[in-house]
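First comes the structure, then the notes that go with it.
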Amino acid sequence: IALVRRFLKTARTGEQAEENIQEHVPHSRDLAEGIDALQRESLVNLAKLKSQVDALIRGQDGSIVVVDAARMLDEIASGFHILQDERAAGLVERLVAVVRNPAFAALRESQDRADRFADAVACVEYYIEAVRDNLPDAGYILDNLSRFVGQLDSAPAAAATVDAPAEPLE
């Protein structure tokens, strides 16, 4: 607001502006390059995440994967916050909670749960690409992500009841 007032005063009085407005407002090309870099970094994080989750499913050390997966997803959520895309950020944050849940380590025992996680990660990736490429109606991808995250949220409770040992019959 102060910059606009200063600009209007300069235009009205004809006085030279004390400062160049470009020093305070990013150039559109700089902004576009920054957004591109943020989206590229998010896609790189997703590629690393997919690789690490694949390692978890193959039986490698799960604790390292969970920490790294949560960190990478947190960075992606932060990127969405920076871009002021609160819906996408909130859904990725829910995915972070899924990863931090102790039941996440059981991903390798449940093909259905692993598939839902893969679907959710793919939705995040497709959404970033759709936004990057200015594709219309990218919001439907977030609808799918919401559905997959919801299934992952509810899966641990359902899995616990299915995997619980049966009481012996007497």
Side-chain angles (χ1 to χ4, degrees), residues 1 3-4 21-58 60 62-159:
I1 294 177
L3 291 173
V4 172
I21 196 166
Q22 290 298 325
E23 293 175 9
H24 299 285
V25 179
H27 190 276
S28 62
R29 191 177 89 209
D30 292 340
L31 180 61
E33 288 174 359
I35 291 171
D36 286 345
L38 182 63
Q39 291 168 333
R40 274 192 314 272
E41 185 64 26
S42 293
L43 291 171
V44 167
N45 280 340
L46 284 171
K48 289 178 185 176
L49 173 73
K50 290 190 282 187
S51 175
Q52 289 185 357
V53 170
D54 184 53
L56 171 71
I57 292 172
R58 292 176 189 223
Q60 296 175 1
S63 61
I64 294 170
V65 171
V66 170
V67 170
D68 273 358
R71 180 188 54 78
M72 287 184 274
L73 287 169
D74 267 336
E75 289 177 6
I76 293 166
S78 294
F80 284 131
H81 281 298
I82 290 169
L83 297 174
Q84 299 177 346
D85 191 338
E86 298 306 318
R87 182 172 181 218
L91 289 168
V92 173
E93 287 168 347
R94 284 180 54 201
L95 199 54
V96 171
V98 167
V99 169
R100 288 188 175 142
N101 186 319
F104 183 73
L107 201 63
R108 71 180 81 155
E109 283 100 35
S110 171
Q111 184 63 44
D112 186 51
R113 190 163 167 75
D115 288 345
R116 289 306 69 75
F117 185 78
D119 291 339
V121 170
C123 282
V124 174
E125 183 176 16
Y126 296 154
Y127 182 72
I128 292 169
E129 291 170 347
V131 169
R132 177 196 65 198
D133 298 339
N134 294 316
L135 298 179
D137 299 325
Y140 80 91
I141 299 171
L142 292 181
D143 295 339
N144 288 335
L145 176 58
S146 179
R147 184 170 42 92
F148 294 134
V149 172
Q151 291 171 352
L152 288 166
D153 282 343
S154 64

Distance-only donor-acceptor pairs under 3.5 Å for side chains of residues 31-44, two or more places apart:
residue, atom, partner, partner atom, Å
Glu33, OE2, Arg29, NE, 3.4
Ser42, OG, Leu38, O, 3.1

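- Residues meeting the salt bridge (Lys or Arg N to Asp or Glu O under 4.0 Å) test with Lys50, sequence neighbours left out: Glu125.
- Annotation: side-chain contact (heavy atoms from CB on, under 4.5 Å) contacts of Glu75 (sequence neighbours excluded): Asn45, Arg71.
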Mind listing the side-chain donor-acceptor pairs of residues 76-97 below 3.5 Å, one per line with the distance, residues two or more places apart or on another chain?
residue, atom, partner, partner atom, Å
Ser78, OG, Asp74, O, 3.1
His81, ND1, Glu86, OE1, 2.7
His81, ND1, Glu86, OE2, 3.4
His81, NE2, Glu93, OE2, 2.7
Asp85, OD1, Ala88, N, 3.3
Asp85, OD2, Tyr127, OH, 2.4
Arg87, NH1, Asp143, OD1, 3.2
Arg87, NH2, Asp143, OD1, 2.5
Arg94, NE, Asp153, OD2, 3.3
Arg94, NH2, Asp153, OD2, 2.8

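- Contact record, Cys123 with Ile141: O-CG2, 3.2 Å, taken as the closest heavy-atom pair.
- Residue Ala120 comes nearest to Leu145 through the heavy atom pair O-CD1, 3.4 Å, listed as atom of the first residue, atom of the second, then distance.
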task: Could you walk me through whether Leu73 and Val124 pass side-chain contact (heavy atoms from CB on, under 4.5 Å), step by step?
output: CA-CA 10 Å; Leu73 287 169; Val124 174; 5.6 Å; no

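- Residues passing the salt bridge (Lys or Arg N to Asp or Glu O under 4.0 Å) test with Asp115: none are found, sequence neighbours excluded.
- Within the 4.5 Å cutoff, the side chain of Leu152 has no heavy atoms near those of the Phe104 side chain.
- The shortest distance between side-chain heavy atoms of Val98 and Asn101 does not fall below 4.5 Å.
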### Message
Gln52 vs Leu49, test: side-chain contact (heavy atoms from CB on, under 4.5 Å). Steps then yes/no.
### Response
CA-CA 5 Å; Gln52 289 185 357; Leu49 173 73; 5.7 Å; no

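- Here CZ of Arg147 is found 8.0 Å from CG of Asp119. Values are rounded to the nearest 0.5 Å.
- Sequence neighbours left out, not one pair with a member in residues 126-141 passes salt bridge (Lys or Arg N to Asp or Glu O under 4.0 Å).
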